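Right, one structure below, let's go through it.
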Amino acid sequence: YSYRTLTKVTRCQSVNTVEKYVYYLEVSFLFFSLRRFSFKVRQQASYNKKIYCVDNGLAVAMGSRVSPDEGRLFENLVAIALWQETLRSNMELFYWKNAQNEEVDFVKKEGAQIIELIQVCRTLDDPKTRDREVRALLKAGDELRCQNLLVLTADQDELQTVEWFGLKGTVRFMPLWKWLLTVNRRIL
């Protein structure tokens, strides 16, 4: 989101008012935002942000969906777990996007180093979806010099070496439930 877009959508008169409302929602722990990763802080500030709800139940209850979007709920659940981890550590959390609009859902950073790149996708049954998710991970991994690549799914559990036009990497595919167990141990 951008504050200007939210101002237009809500038909609010002032960008400053919308910015304050988003701030109030975040400090009341209803929502939290992720910045797009860049090595330049000024660029981070100018990019759109992604917003997540702190509770999937609240997101479902307040959302206006025709059908359940399990992929978004998976991503939101991962965001919540990672956000809780950032509250208890020195880790920073971002998302990554390149000029071709390819996106990696989560970039974990500690100090000056990117420690992990995470994609979330309920199912990778469609080869196009699998290629899109893995391609973005490989590109981000190359650009950010990170070898720790993870895709969270509903049921896939394997380690796979992948290649895309000369970019190579080892991607860990893991079921969401298994990952949540490991994260909860780190948080507690």
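Note that the structure is a prediction, hence the values are computed from the model and not measured.
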To the nearest 0.5 Å, tell me how far R172 CZ sits from L152 CG. 10.0 Å

T86/E92 under side chain to side chain contact (heavy atoms under 4.5 Å, CB included): CA gap, chis, key distance, verdict: CA-CA 6 Å; T86 65; E92 292 181 84; over 6 Å; no

Flag yes if L58 and I51 sit in one hydrophobic cluster, no otherwise; membership is Ile, Leu, Val, Met, Phe, Trp, Tyr, and two members link when side-chain heavy atoms are under 4.5 Å apart. yes

Between D157 and P175, is there a donor-acceptor pair closer than 3.5 Å when you use the side chain of the first and the backbone of the second? no

Hey, is E102 close enough to K139 for a salt bridge, meaning N to O under 4.0 Å? yes

Trace of the side chain to side chain contact (heavy atoms under 4.5 Å, CB included) decision for R130 with R132: CA-CA 6 Å; R130 182 184 185 88; R132 181 186 68 236; over 6 Å; no

Could you state the interatomic distance from CG (L77) to CG (L82), rounded to the nearest 0.5 Å? 10.0 Å

Using ring-ring contact (aromatic ring centres under 6.0 Å, His included) as the criterion, list what pairs up with F29, not counting sequence neighbours. W83

Has the side chain of R88 got a donor or acceptor atom that lies under 3.5 Å from a matching backbone atom of Q84? yes

Keeping T7 on the side-chain end and Y3 on the backbone end, is there a donor-acceptor pair under 3.5 Å? yes

Looking at Q160, I want to see if its CD is surrounded by more than 12 non-hydrogen atoms of other residues, nucleotides or ligands under 6.0 Å. yes

Less than 4.0 Å between a side-chain N and a carboxylate O, is that true for R122 and E75? no

So, does R36 use its side chain to make a donor-acceptor pair with the main chain of K97 at under 3.5 Å? yes

Please determine whether residues L87 and Y95 belong to a single hydrophobic cluster, defined as Ile, Leu, Val, Met, Phe, Trp and Tyr linked transitively by side-chain heavy-atom distances below 4.5 Å. yes

From K168 atom NZ to T170 atom OG1, the distance as rounded to the nearest 0.5 Å: 10.5 Å

Atom SG of C12 and atom NZ of K20: how far apart are they, to the nearest 0.5 Å? 10.5 Å

Side chain to side chain contact (heavy atoms under 4.5 Å, CB included) with E103: of Q119, K50, E133, only one passes, and it is K50

Test side chain to side chain contact (heavy atoms under 4.5 Å, CB included) applied to C121 and T129, step by step: CA-CA 9 Å; C121 188; T129 302; 3.5 Å; yes

Could you tell me the separation between the OG1 atom of T153 and the CD atom of E158, rounded to the nearest 0.5 Å? 9.0 Å

Grouping I, L, V, M, F, W and Y whenever their side-chain heavy atoms are under 4.5 Å apart, do I115 and L150 come out in a common cluster? no

Backbone N/O of S38 and side chain of Q44: donor-acceptor pair under 3.5 Å: yes

Please write out which residues are connected to F165 in a hydrophobic cluster, directly or through intermediates, given that two of Ile, Leu, Val, Met, Phe, Trp, Tyr count as joined at side-chain heavy-atom separations below 4.5 angstrom. F37, F39, F94, W96, V104, V107, I114, L117, L124, V134, L137, L138, L144, L149, V151, V162, W164, L167, V171, F173

Quick one about E26 and S33 (side-chain donor to acceptor, distance below 3.5 Å, no hydrogens or angles considered), yes or no? yes

Verdict with reasoning, N76 to C53, per side chain to side chain contact (heavy atoms under 4.5 Å, CB included): CA-CA 7 Å; N76 197 76; C53 186; 4.3 Å; yes

Single-linkage hydrophobic cluster Y21~Y23, side-chain heavy atoms < 4.5 angstrom: yes

Report, as yes or no, whether the 6.0 Å neighbourhood of atom CD on Q100 holds more than 12 heavy atoms from other residues, nucleotides or ligands. yes

Closest approach of I80 to F32 (non-hydrogen atoms, all atoms of both residues): N-CZ, 3.9 Å

In terms of hydrophobic clustering (I, L, V, M, F, W, Y; side-chain heavy atoms under 4.5 Å; direct or indirect links), are Y47 and L34 co-clustered? no

How many angstroms lie between CD in Q147 and CG in D142, if you round to the nearest 0.5 Å? 8.5 Å

Is it true that atom CG of D126 has more than 12 heavy atoms of other residues, nucleotides or ligands lying nearer than 6.0 Å? yes

